[in-house]
Amino acid sequence: MQQRQNLAAIGQRYTDIVWAAGLFEGEGCIAQHTKGAGYRKLVIVMTDSDVMERFVDVVGYGKLRGPYNSKSGYKPFWRWEIVKSKEVLRILKMFLPHLGKRRAEKAIEAITHLNEIIN
């Protein structure tokens, strides 16, 4: 019974990671951090706070900021952004197998730079 529960928990964790990677693929951004060349940050901005809360819970790092008021007639939005190199690296490695070609190329580029900085 315990083994079945453990396998179910592992399966749910995998599903959550794939879901979060898909959300990041569609809504996220790998950007250069103003801190300096080679540094990267991860960002997601969107209007659905419940989706953003779940994302932060799955990745296990960062704070959800908002709601911020947008231009007149637009919904308020939420923002998740991380700049800590070790966490950016960890999350990109976790998402990499589930990203599309273009985003995976950007992730590999960022991972390469971050490995040089951290090591």
Side-chain angles (χ1 to χ4, degrees):
M1 182 67 154
Q2 181 66 35
Q3 184 178 12
R4 232 181 247 186
Q5 289 174 336
N6 289 343
L7 289 173
I10 290 168
Q12 183 60 52
R13 176 71 181 145
Y14 179 77
T15 300
D16 289 343
I17 290 169
V18 172
W19 172 85
L23 182 67
F24 185 78
E25 174 79 36
E27 301 291 334
C29 172
I30 303 168
Q32 184 141 346
H33 188 310
T34 56
K35 188 176 181 180
Y39 287 87
R40 299 293 187 268
K41 66 181 177 180
L42 304 180
V43 181
I44 294 183
V45 177
M46 65 184 310
T47 60
D48 299 315
S49 64
D50 61 325
V51 174
M52 294 290 285
E53 288 169 2
R54 180 177 175 204
F55 179 85
V56 174
D57 187 50
V58 171
V59 298
Y61 187 80
K63 291 184 180 175
L64 188 55
R65 308 249 185 228
Y68 296 106
N69 291 323
S70 191
K71 297 176 184 175
S72 180
Y74 291 93
K75 292 183 194 178
F77 65 90
W78 299 84
R79 180 180 183 92
W80 172 85
E81 177 178 322
I82 63 168
V83 297
K84 186 175 181 182
S85 294
K86 286 186 179 183
E87 289 301 321
V88 171
L89 186 60
R90 178 186 65 83
I91 292 167
L92 286 177
K93 285 180 177 179
M94 179 173 59
F95 287 172
L96 185 58
H98 312 292
L99 297 176
K101 182 181 177 188
R102 186 180 65 82
R103 184 83 52 173
E105 288 172 356
K106 288 195 79 94
I108 290 167
E109 178 185 315
I111 289 166
T112 301
H113 285 294
L114 290 168
N115 277 330
E116 291 171 5
I117 292 168
I118 293 171
N119 297 323

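Nothing here was measured: the structure is a model prediction, and the numbers come from that model.
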> What residues form a side chain to side chain donor-acceptor pair (under 3.5 Å) with Arg79, not counting sequence neighbours?
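Arg79: side chain to side chain donor-acceptor pair (under 3.5 Å) contacts with Glu81.
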
> Of all residues at least two apart in sequence or in a different chain, which pass the ring-ring contact (aromatic ring centres under 6.0 Å, His included) check with Tyr61?
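Partners of Tyr61 by the ring-ring contact (aromatic ring centres under 6.0 Å, His included) criterion come out as none, since no residue qualifies.
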
> So do Leu23 and Met46 actually touch side chain to side chain, heavy atoms under 4.5 Å?
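When only atoms from C-beta onward are counted, Leu23 and Met46 do touch, with a gap below 4.5 Å.
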
> Considering non-hydrogen atoms only, spot the tightest contact between Val51 and Trp19 and give its length.
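Answer, listing the atom of Val51 first, then Trp19: O-CH2, 3.5 Å.
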
> Checking Glu27 now: which residues fulfil side chain to side chain donor-acceptor pair (under 3.5 Å) with it, not counting sequence neighbours?
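For Glu27, no residue satisfies side chain to side chain donor-acceptor pair (under 3.5 Å) once neighbours in sequence are set aside.
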
> If I compare all heavy atoms of Ile82 with all of Gly62, which pair ends up nearest, and what's the gap?
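Residues Ile82 and Gly62, closest heavy atoms: CG2-CA, 3.9 Å.
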
> Has Arg90 got a side-chain atom pairing as donor or acceptor with Ser85's backbone, closer than 3.5 angstrom?
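No; judged by distance alone, with no hydrogens or angles, the pair does not exist.
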
> About how many Å separate CD1 of Ile17 and CD1 of Ile91, when rounded to the nearest 0.5 Å?
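Answer for the CD1-CD1 pair, Ile91 versus Ile17, is 10.5 Å.
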
> Is Phe77 isolated, or which residues cluster with it under the ILVMFWY side-chain rule of less than 4.5 Å, directly or via members?
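Besides Phe77, the hydrophobic cluster comprises Val43, Val45, Tyr68, listed by chain and residue number.
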
> Working to the nearest 0.5 Å, report the span between CZ of Arg13 and OG1 of Thr15.
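Output value for this atom pair is 11.0 Å.
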
> Report all side-chain donor-acceptor pairs from residues 92-111 shorter than 3.5 Å, counting only partners two or more places apart or in another chain.
from: Arg103; atom 1: NH1; to: Gly28; atom 2: O; distance (Å): 2.7
from: Arg103; atom 1: NH2; to: Glu25; atom 2: O; distance (Å): 2.9

> In this structure, would Ile10 and Val59 fall into the same cluster of hydrophobic residues linked by side-chain contacts under 4.5 Å?
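Looking at the clustering, Val59 is in a separate group from Ile10.
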
> Say you draw a straight line from CZ of Arg54 to CG of Leu64; how long is it, rounded to the nearest 0.5 Å?
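Output value for this atom pair is 14.5 Å.
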
> Side chain to side chain contact (heavy atoms under 4.5 Å, CB included) with Ser49: which residues, sequence neighbours excluded?
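With sequence neighbours excluded, Ser49 shows a side chain to side chain contact (heavy atoms under 4.5 Å, CB included) to Glu53, Trp78, given in chain and number order.
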
> Side-chain contact test, heavy atoms from C-beta onward, threshold under 4.5 Å: evaluate it for Lys41 versus Ile30 and give yes or no.
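No - every pair of side-chain heavy atoms lies 4.5 Å or more apart.
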
> With the side chain counted from C-beta on, respond yes when Val83 and Val88 share a heavy-atom pair under 4.5 Å apart, and no when they do not.
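Answer no - side chains too far apart.
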
